[in-house]
2 protein chains.
Amino acid sequence: MRIGQLAQLVGVETQTIRFYEQQGLLPPPDRQDNGYRVYTEKHGEGLAFIRRCRMLGLSLAEIHELQSYQDDPHQPCTAVNALLDDHISHVRSQITALQALEKQLVSLRASCNDDREVEACGVLAGISEGNMHQQ
Amino acid sequence: MRIGQLAQLVGVETQTIRFYEQQGLLPPPDRQDNGYRVYTEKHGEGLAFIRRCRMLGLSLAEIHELQSYQDDPHQPCTAVNALLDDHISHVRSQITALQALEKQLVSLRASCNDDREVEACGVLAGISEGNMHQQ
DNA sequence: TTAAAACTATAAAGCTACTATAAGGTCAAT
DNA sequence: ATTGACCTTATAGTAGCTTTATAGTTTTAA
């Protein structure tokens, strides 16, 4: 399988595949005489794993860590679970922060309507006055 | 006022101030004979405005847009309100996406405990099997 | 058969919003 | 005279790709 076929199979761009290889997330495949990369089914699975981790919001570094666990399959999997727990709490704190932000934005928006001039805009005034309680 | 004082006043690093100037968000200040930047109160207000916008999650491009409205104070402020509305809906969709992600992560986490080997880890198996409904 | 289209390769730059580092000039105090 | 705190510019690094440039290869259509 050449890079274009693998890309289509998994639903990524060819450059992304080369990028993952360069980052050490995907093992370097064999090459044809012309230098073209030749991929196996294993590569397909590896790439799909990476993509699913990315969809879960894991960083490339975290994916790398998970791969290192996979390479040593007889350890206890506590580290895997811990990584996920950390990620979950990270996601939760993002949600909390965004909810607070939304509240702030909505109240700022409520301070203006569309019938004013920029000079009297409640939104701009609200930002400029800066009665913003951090975080 | 020199750059260090302004930085301390507003609570940013001096490099950040130079960066904003370079990006066209902060007007270039006068210079002393030795080349040091000299800031006025106006600069302080401008910088504070930028920082408050950043705390609200606005991008530098959006801030630039707001500044362009400020420069023309007798337009109606519909564009300002529209910018904020767009930003609010952006934040809301981020929240929704993160909540869906959290659910997915929590259910993945529930598929394993710490008493297994990596080989049998429910989390890794869950990612590899890839029963993930996109988005 | 040849020419265009489609694919592959590498290397380097661009994106966002800074942060950090390097190498050096200026100024006040000791 | 030198230490330390401040200022200057220029450049590189961060994350995770995407884009661009330049060039070689293979496939397809005329």
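Note that the structure is a prediction, hence the values are computed from the model and not measured. Just so we're on the same page: letters track the sequence lines, and every chain starts at 1.
The side-chain heavy atoms of Leu66(B) and Gln70(B), taken from C-beta on, include no pair separated by under 4.5 Å. Gln32(B) has its side chain within reach of Arg2(B): a pair of non-hydrogen atoms, C-beta onward, lies under 4.5 Å apart. Between Arg116(B) and Asn81(A), the closest side-chain pair of non-hydrogen atoms is not below 4.5 Å.
Atom CD of Gln22(A) and atom P of dC17(D) are 12 Å apart (whole Å). For the pair Leu47(A) CG and dC17(D) C1', the computed distance is 14 Å after rounding to whole Å. The separation between Met55(A) atom CE and dC17(D) atom P is 11 Å, rounded to whole Å.
Ring geometry for His90(B) against His87(B) counts as tilted: the plane angle lies between 30° and 60°, on a 0 to 90° scale.
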- Nucleic acid footprint by protein, nucleotides 7-20 of chain C - heavy-atom cut-off 4.0 Å, B for base, S for sugar-phosphate alone: BSSB------BBSB
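Side-chain atoms of Arg52(B) come within 3.5 Å of backbone atoms of Ser128(A) as a donor-acceptor pair (strictly under, hydrogens ignored).
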